[in-house]
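What follows is a set of notes on a single structure, which appears directly below.
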Amino acid sequence: MISIRTKLTVLVYGAVLVTALTLSSIGISHLSRITRQHSQDSLQLMCDAEKEHLNITTGNLKQAVDIMTDLILNDLTDIDRFTTDSVYRKQLTRGFERQFFQIASHTNGAVSYYMYYAPELLPEQPEGFVWVKRNRLSSFSALELPRLSDFSREDFDHVGWYYTPVENGKPTWLKPYANKNLGIYMISYAIPIYLQGTLIGVVGMDINFSLIIEEINRLIVYQNGYAYLTDEHNTVIYHKALEANVPLQASTEMLEMGLALDNGWKVYVAAPKKEINRERAHLTQVYVLTVLIISLICMFICSHQTNRLITPLLELTAATKKIASGDLNVHITVQSKDEIGQLAETFQKTVQQLPEYMYRDSLTGVRNTSAYRRAVSRLEEHMANGADAFGICVFDVNNLKQTNDLYGHETGNKLLINATRLICRIFSHSPVFRIGGDEFVVILEKTDFTNRASLLQQFELECQSTTFTASGITFPVSVAYGLATYDCLTDKTYEDIFTRADACMYNRKKEIKARFFTAAVALTDHAGVEKGTI
């Protein structure tokens with residue numbers, strides 16, 4: 001057997017050089033991936049936040065016009081009377097004006113709202129109303145209705161608010177434009193009103209586009225980054241460096257992240273790659289310098305033969321720290337036929353067996369309390385970052401203590417094992433944890449959460465018919481359960497959800513307590529006397 005001293009003396013310089021180059025290559029690659037992922041994640045978070053803000057603004061506008069449309073369709077039911085009875089029509093219009101005034105007054109950024117009746121129905125003169133707010137501090141005031149026939153249908157800045165939704169035949173978002181009737185740069189949402197297949201008119205509302213611009217420009221993206229807005233065809237709506245209404249060209253100098261808004265437009269967040277690369281270059285320099293210094297120190301130490309075991313022991317130490325942090329994905333590369341090799345082989349085998357001891361319950365085979373704590377930590381982290389819906393189901397095996405007292409712990413263990421099989425069979429796509437002697441927890445996510453009602457119904461049915469036999473006696477498998485689902489508005493911690501589920505379980509346990517006590521008395525009467533069925 002070649003000694004460690006001899007191996008290190010011969011291979012020290014080559015080993016240190018190879019190690020330094022390998023670590024540098026891996027480290028630089030890892031740093032590049034981390035900084036790139038970090039930048040993408042940062043832009044994603046910014047884009048998500050900007051999307052939510054813009055959706056609120058545009059969503060309020062859409063909701064206001066939808067409400068206005070519903071009010072019109074609810075009140076305007078007689079189209080013949082509407083077209084022939086001017087008194088009736090004016091009465092309806094005054095009512096609409098009062099209602100719309102209240103709606104527009106509570107819509108942030110609204111600068112005008114209108115109801116323009118179709119000139120085909122009322123050709124003599126324009127009818128309807130237009131109310132305008134000239135600035136943010138003023139109130140709405142009525143404006144004289146424009147006559148559509150005075151303008152060309154292609155004159156978007158004057159009559160696009162009417163003809164565009166009519167031509168589309170559906171609710172329409174109008175891109176930002178300078179409304180020459182009002183003298184305001186705005187965006188509009190308009191809906192053509194049809195009754196019995198006849199166009200009655202157009203109802204809509206406008207908001208000052210400066211609100212959107214302020215919201216976009218408020219976002220800080222690195223030092224020289226920015227946000228911008230396009231339509232569904234990637235035509236620029238607003239961009240700090242580009243003109244509006246031109247197709248968006250991908251930039252090779254920017255890292256960009258985009259998301260679609262509820263109205264079909266898209267918001268993008270862009271950051272200069274130079275700024276991102278500058279951070280990566282700095283980290284790379286620090287890392288390479290660190291590797292170089294460590295390599296020189298190792299060569300010096302090894303050349304003096306003061307620490308001949310440093311390299312393999314460092315690897316084992318790193319693996320130990322990784323395990324201590326909870327990561328068991330450890331692979332030891334030391335394969336020498338010496339003392340360190342034997343130690344590494346034994347260490348690797350021990351690590352491979354750790355999950356069985358650390359995260360599995362030895363009796364039931366499901367996950368234990370250690371695994372449960374890790375799962376709770378994961379859920380609380382997801383809750384802090386905006387988790388998807390999930391549920392917690394708490395289970396308690398009934399009559400375990402009575403079974404242990406009357407028939408021994410071996411029978412009690414069989415009861416636990418059969419209860420575990422029942423839980424795992426029903427919730428086959430969810431993690432099952434044993435958190436106490438007779439307590440289990442199932443975390444319901446994705447499809448199991450969606451189908452939780454049917455799964456619990458199936459569980460309750462099978463629980464009524466599931467039994468096992470021990471010592472010639474047939475025992476029922478009775479399990480009480482309680483379910484609670486995550487509510488992002490009220491649940492601050494995982495404990496809030498668990499407490500509700502636990503309380504629900506104990507309430508259910510009380511409901512079936514009499515039946516279980518009756519079964520326990522029956523067991524007592526027959527214990528040690530004759531074989532029977534509970």
Side-chain angles (χ1 to χ4, degrees), residues 53-69 96-97 99-117 126 128-148 150-168 171-192 201-218 227-231 235-240 242-246 261 263-265 267:
H53 290 307
L54 294 176
N55 275 339
I56 290 173
T57 301
T58 57
N60 289 340
L61 176 63
K62 179 181 182 300
Q63 184 181 34
V65 179
D66 288 342
I67 294 174
M68 292 163 61
T69 302
F96 294 152
E97 284 186 281
Q99 293 171 317
F100 294 175
F101 178 83
Q102 295 297 324
I103 296 172
S105 298
H106 292 85
T107 302
N108 183 37
V111 294
S112 69
Y113 60 93
Y114 54 89
M115 173 65 201
Y116 199 101
Y117 296 131
F129 54 84
V130 177
W131 286 71
V132 181
K133 181 188 289 188
R134 293 297 181 180
N135 57 65
R136 296 184 182 182
L137 299 179
S138 65
S139 59
F140 287 101
S141 59
L143 186 72
E144 182 180 356
L145 287 172
R147 182 179 293 276
L148 298 182
D150 292 342
F151 307 98
S152 168
R153 294 175 69 97
E154 288 72 31
D155 189 349
F156 184 84
D157 291 341
H158 278 103
V159 294
W161 52 270
Y162 180 86
Y163 286 116
T164 301
V166 169
E167 290 173 358
N168 291 340
T172 301
W173 283 95
L174 278 68
K175 289 190 292 187
Y177 68 103
N179 188 306
K180 293 185 178 179
N181 298 317
L182 308 180
I184 300 174
Y185 196 63
M186 61 175 60
I187 60 173
S188 304
Y189 180 70
I191 299 177
V202 174
V203 60
M205 184 178 292
D206 313 306
I207 62 173
N208 198 319
F209 190 61
S210 63
L211 287 178
I212 304 296
I213 295 177
E214 290 174 3
E215 180 60 47
I216 293 176
N217 290 339
R218 190 181 298 121
Y228 60 91
L229 196 64
T230 72
D231 64 12
T235 299
V236 174
I237 293 178
Y238 171 75
H239 195 294
K240 291 176 63 175
L242 299 175
E243 295 183 359
N245 298 320
V246 297
L261 302 178
N263 67 351
W265 295 353
V267 60

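Counting from 1, the numbers follow the sequence of the chain as shown. Here the structure is a predicted model, which is why all the values come from computation and not from measurement.
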* For residues Arg153 and Tyr163, report the shortest heavy-atom separation together with the two atoms involved. => NH1-CE2, 3.1 Å
* Structure fact -> Interatomic distance, NZ@Lys240 vs CD1@Ile213, rounded to 0.5 Å, equals 12.0 Å
* Structure fact -> Of all heavy-atom pairs linking Trp161 and Pro146, the shortest is CZ2-CG, 4.0 Å
* Asked: In Å, rounded to the nearest 0.5 Å, how long is the span from CG of Asn245 to OG1 of Thr235?
  -> 7.5 Å
Please report, to 0.1 Å, the donor-acceptor pairs under 3.5 Å made by any side chain of residues 106-115, with sequence neighbours excluded.
| from | atom 1 | to | atom 2 | distance (Å) |
| --- | --- | --- | --- | --- |
| His106 | ND1 | Gln102 | O | 2.8 |
| Thr107 | OG1 | Ile103 | O | 2.9 |
| Ser112 | OG | Asp206 | OD2 | 2.2 |

* To do: Report the C-alpha separation of Thr164 and Phe156 in whole Å, then their side-chain angles, then the decisive distance to 0.1 Å, and conclude whether the side-chain contact (heavy atoms from CB on, under 4.5 Å) test is met.
  => CA-CA 8 Å; Thr164 301; Phe156 184 84; 3.5 Å; yes
* If every non-hydrogen atom of Ala190 is compared with every non-hydrogen atom of Val202, which pair is closest and at what distance? -> CB-CG1, 3.9 Å
* Quick one: list whatever passes salt bridge (Lys or Arg N to Asp or Glu O under 4.0 Å) with Asp155, sequence neighbours left out. => none
* Closest non-hydrogen atom pair, Pro165 against Gly160 -> CD-O, 3.7 Å
* Kindly state whether the ring of Phe129 and the ring of Phe96 have centres lying under 6.0 angstrom apart. => no
* Using a 4.5 Å cut-off on heavy atoms from C-beta on, say whether the side chain of Trp131 contacts that of Phe100. => no
* Asked: Roughly how far, to the nearest 0.5 Å, is OH of Tyr238 from CD1 of Ile212?
  -> 11.5 Å
* Distance (rounded to the nearest 0.5 Å) between Ile184 CD1 and Ile207 CD1 -> 12.0 Å
Validation: residues 59-68 side-chain donor-acceptor distances under 3.5 Å, sequence neighbours left out:
| from | atom 1 | to | atom 2 | distance (Å) |
| --- | --- | --- | --- | --- |
| Asn60 | ND2 | Ile56 | O | 3.2 |
| Lys62 | NZ | Asp66 | OD2 | 2.8 |

* For Asp231 and Lys175, work out which heavy atoms get closest and say how close. => OD2-NZ, 3.4 Å
* What heavy-atom pair brings Ile187 and Pro176 nearest, and what distance separates the two atoms? -> CG2-CG, 3.5 Å
* Could you check whether the rings of Tyr116 and Tyr162 sit parallel, tilted or perpendicular, using 30° and 60° as the cut-offs? => perpendicular
* To do: State, yes or no, whether a side-chain contact exists between Pro126 and Leu148 at a heavy-atom distance under 4.5 Å.
  => no
* Rounded distance [0.5 Å steps], CD in Glu215 versus CG in Leu229 -> 11.0 Å
